[in-house]
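Below is one structure, written out as structure tokens; comments come after it.
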Amino acid sequence: MTKTLCLYDQDPYLLEFTAVVTARRQRDNANWIALDQTAFYAEGGGQPADHGLINHLPVVDVQLDEQEVVWHKLQGDLEVGARVGGKVDAQRRADHREQHTGQHILSQAFWRLFEATTVGFHLGEQVVTIDLDKQDLTAEQLQQAEDLTNSIIRENRTVYTRVVSADELPVEQLRKLPKVTENIRLVHVKEFDMCGCGGTHVRSTGEIGLLKLISSERRRGNLRIYFLAGGRAYRDYAEKHAAVAQLSAEFSLPVPEVAPGIIRLKERMAELERELKVAKAELLTVEAAKLVSQANTDKVVSAQFSERGFEEVKALAALVAGSEQVAVAFGLCGEPYRLLAAAGDGMGIHVGNALKQTVQAFGGKGGGAPQSAQGAVPAEVGAQALAELCDAIARSLEK
């Protein structure tokens, strides 16, 4: 099969074209067609495929095979020999041009400043990444690379491509050797970067407008850099500006004081949470002593709670049982209805057995150790189950 003429190689701004369907096939329950020529970029080199329409049928993926035939995944089908019209998604193509060219400039910036080689590149739907072979770059060095990148972008340098043979390849000027050995496509950022690449790029760096590093992390022996370029970077700035402006108004702080103010607030909240925890513990201790003093003659403290958290009720049960004077049977309203039982070591009973028998009798599940147990039953029989649990513990204490 004759290889596809890739129109995007000559003109990355070409969005509409006509072609002839040269082949069709089914793969993974989807229809794929090949054309004699196409402006749809096939996924490769870290850049995703173009999307768009062929004869009003959505193109959702584009792949290049080993014979250099470009296959288009269609939501629909077309016959071999049909003359068709293609239309590339302009917004997606423009975004990919901006991100990919931004990556070239950023990679060269890291190489020039720190001799850090880009060993990986991925253009994602939300963020773009490059992997560098140096892990020890500091935050200050990352900022230097970003500053150099944006200075090249602002200078609006020309970006152009040319195809050379292996003999014509200017090896010493390349930051990375290409993998192909013939018809090598070089992308130039005038007097700054030259790299073998088959992707789509802008005509001049000014079209990118802005590149912003988002974060970095050590990953598999490399340093992964996350960044946004072009429209993505401007949208990210707009979202963050809106968020900071809202916080500034909410806390009556000038924008430079928002971050320090939130840090202070977080520290104060942590301090208050610690104070609240101590106060709650003191209140639970007082409440536990009161419950022990009010225990019935069966030496079983029973209570039902409707608006308290499970962990708080569990802590209260432990405090009551810790007195070694009474056993505990608590119920916590909800769906399901939760039961807790507890007893001190010196009580000589196994509350886990008592609770297990009780919840099984009422269609629930649960059990536990001699000193602590928990379970659950349907809400409609919760009160009855709690009463039976009290009786079961009392009977154990009589033995």
Side-chain angles (χ1 to χ4, degrees), residues 1-15 17 19 22 34-50 62-72 88 93-112 115-123 128-133 149 152-153 157-205 207-208 211 222 225 229:
M1 186 181 296
T2 304
K3 71 177 184 179
T4 307
L5 176 62
C6 297
L7 302 173
Y8 53 79
D9 279 341
Q10 288 79 39
D11 186 0
Y13 290 77
L14 178 67
L15 300 175
F17 66 99
T22 57
L35 305 174
D36 62 340
Q37 61 178 8
T38 185
F40 284 93
Y41 179 80
E43 180 182 13
Q47 180 175 326
D50 281 331
V62 187
Q63 297 292 327
L64 181 69
D65 68 17
E66 294 180 354
Q67 286 73 46
E68 297 186 53
V69 176
V70 177
W71 291 92
H72 308 72
V88 177
R93 168 65 70 81
D95 173 59
H96 290 175
R97 285 196 303 260
E98 293 170 354
Q99 306 309 316
H100 204 153
T101 313
Q103 176 265 312
H104 280 229
I105 302 171
L106 181 63
S107 290
Q108 179 62 253
F110 275 116
W111 170 250
R112 287 201 178 199
E115 294 187 355
T117 300
T118 296
V119 294
F121 162 59
H122 177 68
L123 202 169
V128 189
T129 64
I130 58 172
D131 291 341
L132 302 175
D133 64 356
T149 298
I152 298 299
I153 289 173
R157 299 196 183 199
T158 302
V159 180
Y160 61 96
T161 64
R162 64 188 178 107
V163 178
V164 300
S165 66
D167 294 337
E168 300 171 312
L169 192 65
V171 176
E172 293 182 357
Q173 300 176 46
L174 297 174
R175 58 178 165 83
K176 186 178 180 180
L177 292 175
K179 295 180 180 179
V180 296
T181 57
E182 58 183 20
N183 295 323
I184 303 168
R185 185 172 184 261
L186 298 178
V187 177
H188 295 252
V189 176
K190 187 178 180 181
E191 297 178 356
F192 184 73
D193 182 57
M194 184 193 310
C195 184
C197 182
T200 57
H201 302 85
V202 298
R203 294 190 181 107
S204 58
T205 61
E207 293 180 42
I208 303 169
L211 185 143
N222 298 313
I225 305 294

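No experiment lies behind these values; they were computed from the predicted model shown.
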Indicate the atoms forming the closest heavy-atom contact of [X] with [Y], along with that distance.
X: Asp36; Y: Ala19; result: OD1-CB, 3.3 Å
X: His188; Y: Arg162; result: NE2-NE, 2.9 Å
X: Ala39; Y: Asp50; result: O-OD2, 3.7 Å
X: His100; Y: Gly45; result: CE1-O, 4.3 Å
X: Val70; Y: Cys6; result: CG2-SG, 3.9 Å
X: Cys197; Y: His201; result: SG-CE1, 3.5 Å

(message) List the residues meeting side-chain hydrogen bond (donor to acceptor under 3.5 Å, both in side chains) with Thr205, not counting sequence neighbours, and say none if there are none.
(response) none
Spell out, as yes or no, whether a donor-acceptor pair under 3.5 Å connects the side chain of [X] to the backbone of [Y].
X: Arg112; Y: Phe192; result: yes
X: Arg157; Y: Val189; result: no
X: Ser107; Y: Thr118; result: no
X: Gln99; Y: Ala229; result: yes
X: Arg93; Y: Pro12; result: yes

[atom1] of [X] to [atom2] of [Y]: how many Å apart, nearest 0.5 Å?
X: Gln37; Y: Thr2; atom1: CD; atom2: OG1; result: 13.0 Å
X: Gln103; Y: Thr129; atom1: CD; atom2: OG1; result: 9.5 Å
X: Ile105; Y: Ile208; atom1: CD1; atom2: CD1; result: 4.0 Å
X: Asp133; Y: Glu115; atom1: CG; atom2: CD; result: 10.0 Å
X: Leu15; Y: Leu7; atom1: CG; atom2: CG; result: 11.5 Å
X: Thr117; Y: Leu132; atom1: OG1; atom2: CG; result: 8.5 Å

(request) Could you walk me through whether Val163 and Thr161 pass the side-chain contact (heavy atoms from CB on, under 4.5 Å) test, one step at a time? (result) CA-CA 7 Å; Val163 178; Thr161 64; over 6 Å; no
(request) Please test Thr200 against Tyr13 for side-chain contact (heavy atoms from CB on, under 4.5 Å), starting from the C-alpha separation and ending with a verdict. (result) CA-CA 9 Å; Thr200 57; Tyr13 290 77; over 6 Å; no
(message) Can you list everything that forms a salt bridge (charged side-chain N to carboxylate O under 4.0 Å, His left out) with Asp9? Sequence neighbours excluded, please.
(response) Arg185
(message) Any heavy-atom pair between the side chains of Leu174 and Leu186 that's under 4.5 Å?
(response) yes
(request) Describe, in one word, how the ring planes of Phe17 and Phe40 are oriented to each other, choosing from parallel (under 30°), tilted (30 to 60°) and perpendicular (over 60°). (result) perpendicular
(message) Using 30° and 60° as the class boundaries, would you call the ring planes of Tyr8 and Tyr41 parallel, tilted or perpendicular?
(response) perpendicular
(request) Taking ring-ring contact (aromatic ring centres under 6.0 Å, His included) as the test, write out the residues that go with His96, two or more places apart. (result) none
